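Since the structure comes first, as structure tokens, the remarks are kept for the end.
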Amino acid sequence: MNFEQLLNPQQLAAVMHPGGPMMIIAGAGSGKTRVLTYRIAKLMLDGEDPFGILALTFTNKAAREMQERIAGVVGESEARNIWMGTFHSVFAKILRREAGRLGYPTNFTIYDTEDSQKLIRNIIKEMKLDTEIYKPKQIASRISIMKNSLITPRVYKNTVELLEQDMLAKRPEFLQVYINYNERLFRAGAMDFDDLLLKTNELLAKFPDVLMKYQRQFRHILVDEYQDTNHSQYLIIKALGDLHRNISVVGDDSQSIYSFRGANIQNILNFKRDYPEAEIYKLEQNYRSTKMIVGAGNSLISKNKMRLDKTLWTSNEEGEKIKVVSTLSDADEARFIADDIAETHLKQHAAYSDFAILYRTNSQSRALESALRTYNIPYRIYGGLSFYQRKEIKDVLAYLRLIVNEKDEEALRRIINFPSRKIGATTLDKLNVLAGQHHRSLFEIIEHIDTRGAAAFNGPTRRRLRDFALKIRSLQVMAEKLNVYELTKELIKSVGLLEAYRKEGTQEAANRIENIEELINAMSEYVEEQRELEDGDPSLTGFLQQVALISDLDQEPENHNVVTLMTIHMSKGLEFPYIYISGLEENLFPSPLTLTTREDLEEERRLLYVAITRAKKRCTLTYARMRYRWGHLYDTEPSRFLDEIDEKYLERTDLTTRTSHLLDADIFDETPAYPKSKPTGNVNSGFSKTIRPKNLKRLQDARSTQSAVKIDLQKGDRVRHARFGSGTVLEVNENGQDSKAKIKFDHTGTKTLILRFAKLEKL
DNA sequence: TCATTGGGCTTTTTT
DNA sequence: AGCCCAATGA
């Protein structure tokens, strides 16, 4: 491996760093993923055990991609063993292993934001507090901040400032809500997102032998996007890295945009103080963007006071100026963008996937979506309400959760009366009181309803409750024999979930049914994939954990040639030749909710910086003079940020004087030029409807012909796989029923498949 | 217990 | 404008 040829001197120095703490300050587009990848590869080429390397990334997708790139250097079987993933997924894994130490069951549930908020709302109501003062969302957010700062109720109680804050805000019971919330989580055998980090800290602090074990194991710790770590994550790294002190962090203070979820920019600014012996490497050459784009970004970010000293530069071509376009309304803005994409697509032969439209808030996507539809431009929206957050999907998952962990209170509440079992709010309230008195889970109370507090319920209600408990128990028995896919099909049938929607007969209900069918397909794919992969985990717990920590970005779109729409937050780490940033208006970007402190405004500025630096060739900023919000049309002012970029990088276009007639004419003139492709429809789901029938069929085939299909494979053969695409056989391992083949797929990476299950087609 | 209706609130960003 | 929730009546 000749690193000298692959890297510039600064990158090379970072890759070759001998050991001990190091920090890489990597400007946008300066090849930080490249450096991280090669650094890990280099460690392994030097003989480091992959199990001893802990690499923490921001998204699952980033982890997957890095793993694949490392596999390209050191081989897949080695790369697979690196501990790589998001903080949440890696430590969920460790917590499951050590759950007993903390008194949690191994199969603990992970509560998502919605579960947490519902629980908090319930607690507030039970305590008979005013939800106007104790707003569940605000309380949830404050608890989250506390957890991420490792302020447990015990610490909280002894911190005068915090108690004073509560007095001032007239919510003296906050601490009690916090205590009850934790109590209820524990009783439900559940952890929220923040607990995954907090409990990891607790585990490492309370059990020196556990700490020692993982300290010894992780000889090297690497952290990507260090500027976005919170205090809780910071402490985990500090604890785990304390023995070997081989901590490598990579980040860019100018791209810190997650303070709202507790990210602490001080972590990166103070690294040198925590590790005085640390080496600092700076990557300042940008390989992504034109001189104009880099210049505009620098000029904007220089307005920030809190930053580490660095200047991004590039030897790329000069490029076009940043376009600043004003339109009359948000609809016109969307139309302009769609029109511009259509034109560039035609004239520059740019693929649709070369474009991304970014915005500050998810709600801005509507107008853009409708314009793209009109132009027949295929697109995919990321974020917003993701597939797994939909009500009907969460209902099905709630049944599964309850099967795995019957103490899961939020899961139980969701489905105890859906479909209707005539168990209503009154009954649930009484159960809840009993659960509190006996310090038992709701399910335990229900199951023993005849012996405990039977007097409180009438005969029919008791019978209904007993029936429900029996139903869950019988599903649990089923779960021992069936895989996720089979189990879900059975449970939907036996519970009558689809019938409940069919009875409604509305379009909305029909959509829900479709979504549930899509979920079943996703499961069939999951089961199939886990069975084909040598190291697959087909367990129900495994599936639920994966679903809980999945993010929208992790879902591969089935059609790759589409325009991308997402918030700026989600776009971090990505790049596109053509970027549109929409809604550069006061009270939108910067957001009015952030204008209280200078720090907040600086974060908004960094956000725009991140957006601009996503662009490789061309960057277009747009704003409208009127915008629909909350059902009304409001006048707007251009964003202050537009005046903070040096004019010499800008080219301003005013479309406010000639809007509709011109743009409308364009639509009618040009529409025929585009193929009559259907609008992409429900692109937000993450799962294509069109693949459904095929998938179901494929799974059935898989069952009936499991051992019949047998192909002789040899090294070098070209094969095709239904999901992974085409690839080349690297290695065949003949071993009768367990024969495996290692295949390098052209687009989806290298995987080892079990031939008995994998349906490969020889090309 | 369920269905309907009207009122209020929303839109900051996410693992 | 749309969604969620609480209150109301059956």
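These numbers come from a predicted model, not from an experiment. In what follows, every chain begins at residue 1, and chains take the letters A, B, ... in the order their sequences are listed.
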Item to check | Sugar-phosphate only, base, or nothing, as touched by A:R606 at under 4.0 Å among non-hydrogen atoms | outcome: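 Since no nucleic acid heavy atom lies under 4.0 Å of A:R606, the category is nothing.
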Next on the checklist: Classify A:K125 by what it touches in the nucleic acid, base, sugar-phosphate, or nothing, heavy-atom distance under 4.0 Å.
Outcome noted: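 Sugar-phosphate: the residue A:K125, judged by heavy atoms under 4.0 Å, touches backbone atoms but no base.
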Next on the checklist: Tell me the interatomic distance from A:N417, atom CG, to B:dA3, atom C1', rounded to whole angstroms.
Outcome noted: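 For the pair A:N417 CG and B:dA3 C1', the rounded distance is 14 Å.
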Item to check | Integer-rounded Å distance: B:dT1 P and A:F457 CZ | outcome: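 So the CZ-P distance, A:F457 to B:dT1, works out to 10 Å.
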In chain order, what residues pass the side-chain hydrogen bond (donor to acceptor under 3.5 Å, both in side chains) check against [X], with sequence neighbours excluded?
{"X": "A:N60", "answer": "A:D554"}
{"X": "A:E603", "answer": "A:S259, A:R606"}
{"X": "A:R614", "answer": "A:Q255"}
{"X": "A:T361", "answer": "A:S363, A:Q364"}

Who pairs with [X] by salt bridge (charged side-chain N to carboxylate O under 4.0 Å, His left out), at least two apart in sequence or on another chain?
{"X": "A:R605", "answer": "A:E644"}
{"X": "A:E410", "answer": "none"}
{"X": "A:D600", "answer": "none"}
{"X": "A:R261", "answer": "none"}

Checklist entry - Counting distance only, does the side-chain N/O of A:R421 pair as donor-acceptor with the main-chain N or O of A:I416 below 3.5 Å? => result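 Looks like yes, one N/O pair under 3.5 Å.
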Next on the checklist: Give me the distance, rounded to whole Å, that separates B:dT12 from C:dC5 when you measure between the C1' atoms they each carry.
Outcome noted: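 To the nearest whole Å, 23 Å.
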Could I get a table of every N or O pair under 3.5 Å where one atom is in the protein and the other is in nucleotides 5-9 of chain B?
none

Item to check | Close aromatic pair by centroid cut-off 6.0 Å: A:F193 and A:F87 | outcome: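 Between A:F193 and A:F87, the centre distance exceeds or equals 6.0 Å.
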Next on the checklist: For chain A and DNA chain C, what are the first and last nucleotides along the strand, 5' to 3', with at least one atom under 4.0 angstrom from a heavy atom of the protein chain?
Outcome noted: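 The footprint of chain A covers C:dA1 to C:dA6.
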Would you list the protein and nucleotides 13-15 of chain B atom pairs, both N or O, that sit under 3.5 Å from each other?
from, atom 1, to, atom 2, distance (Å)
B:dT13, OP1, A:N362, N, 2.9
B:dT13, OP1, A:N362, ND2, 3.2
B:dT13, O2, A:R360, NH2, 2.8
B:dT13, O2, A:H569, NE2, 3.4
B:dT14, OP1, A:T567, OG1, 3.1
B:dT15, O2, A:H88, NE2, 3.1
B:dT15, O4, A:T113, OG1, 3.3

Item to check | Partners passing ring-ring contact (aromatic ring centres under 6.0 Å, His included) against A:F468 (at least two apart in sequence or in another chain) | outcome: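 Partners of A:F468 under the ring-ring contact (aromatic ring centres under 6.0 Å, His included) test: none.
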Next on the checklist: Is A:T426 close enough to B:dT1 that one of its side-chain N or O atoms is under 4.0 Å from OP1 or OP2 there?
Outcome noted: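 For B:dT1, OP1/OP2 do have a side-chain N/O of A:T426 under 4.0 Å.
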Checklist entry - A:K137 or A:G424: which one's nearest nucleotide on DNA chain B is closer to the 5' end? => result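 Residue closer to the 5' terminus by nearest nucleotide: A:G424.
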Checklist entry - A:W630 or A:T461: which one's nearest nucleotide on DNA chain B is closer to the 5' end? => result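 Looking at DNA chain B, the more 5' nearest nucleotide goes with A:T461.
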